[in-house]
Amino acid sequence: MRRRRETRVENTLETFHEVVVEPVDSPPPPPHLRPLREAGIPTVSDDEFETVLDELETRRRLLYGLIEPDAREWPFRRTH
């Protein structure tokens, strides 16, 4: 069962898409889990995290499309 908050976010994004927001071609870079792990905050495995990101790709592309036209920077950048 989906959480109510996820449904609200999806409904809001659907409204944005219908009105003005176009999804970008690719999702934003994924956030780092390392700082969370180093701070002792439990996280899922990297594989689980990638699976969830894949499942949320459309939502992430829409959110990224919401900020990209205004030249805003996505809050997390992956560095290797």
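Just so it is clear, the structure is predicted and the values come from calculations on it, not from any experiment.
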For the student: nearest non-hydrogen atoms of Tyr64 and Val24, plus distance | CD2-CG2, 3.6 Å
Search all heavy atoms of Pro29 against all heavy atoms of Arg60 and return the closest pair with its distance.
-> O-NH2, 3.3 Å
What distance do Arg61 atom CZ and Leu56 atom CG have between them, rounded to the nearest 0.5 Å?
-> 13.0 Å
Would you give the length of the straight line joining atom CD1 of Ile41 to atom CG of Leu33, rounded to the nearest 0.5 angstrom?
-> 10.5 Å
Asp46: salt bridge (Lys or Arg N to Asp or Glu O under 4.0 Å) partners, not counting sequence neighbours = Arg37
Got more than 12 heavy atoms from elsewhere within 6.0 Å of CG, Asp25?
-> no
Set of residues satisfying side chain to side chain contact (heavy atoms under 4.5 Å, CB included) with respect to Ser45, sequence neighbours excluded | Asp47, Glu48
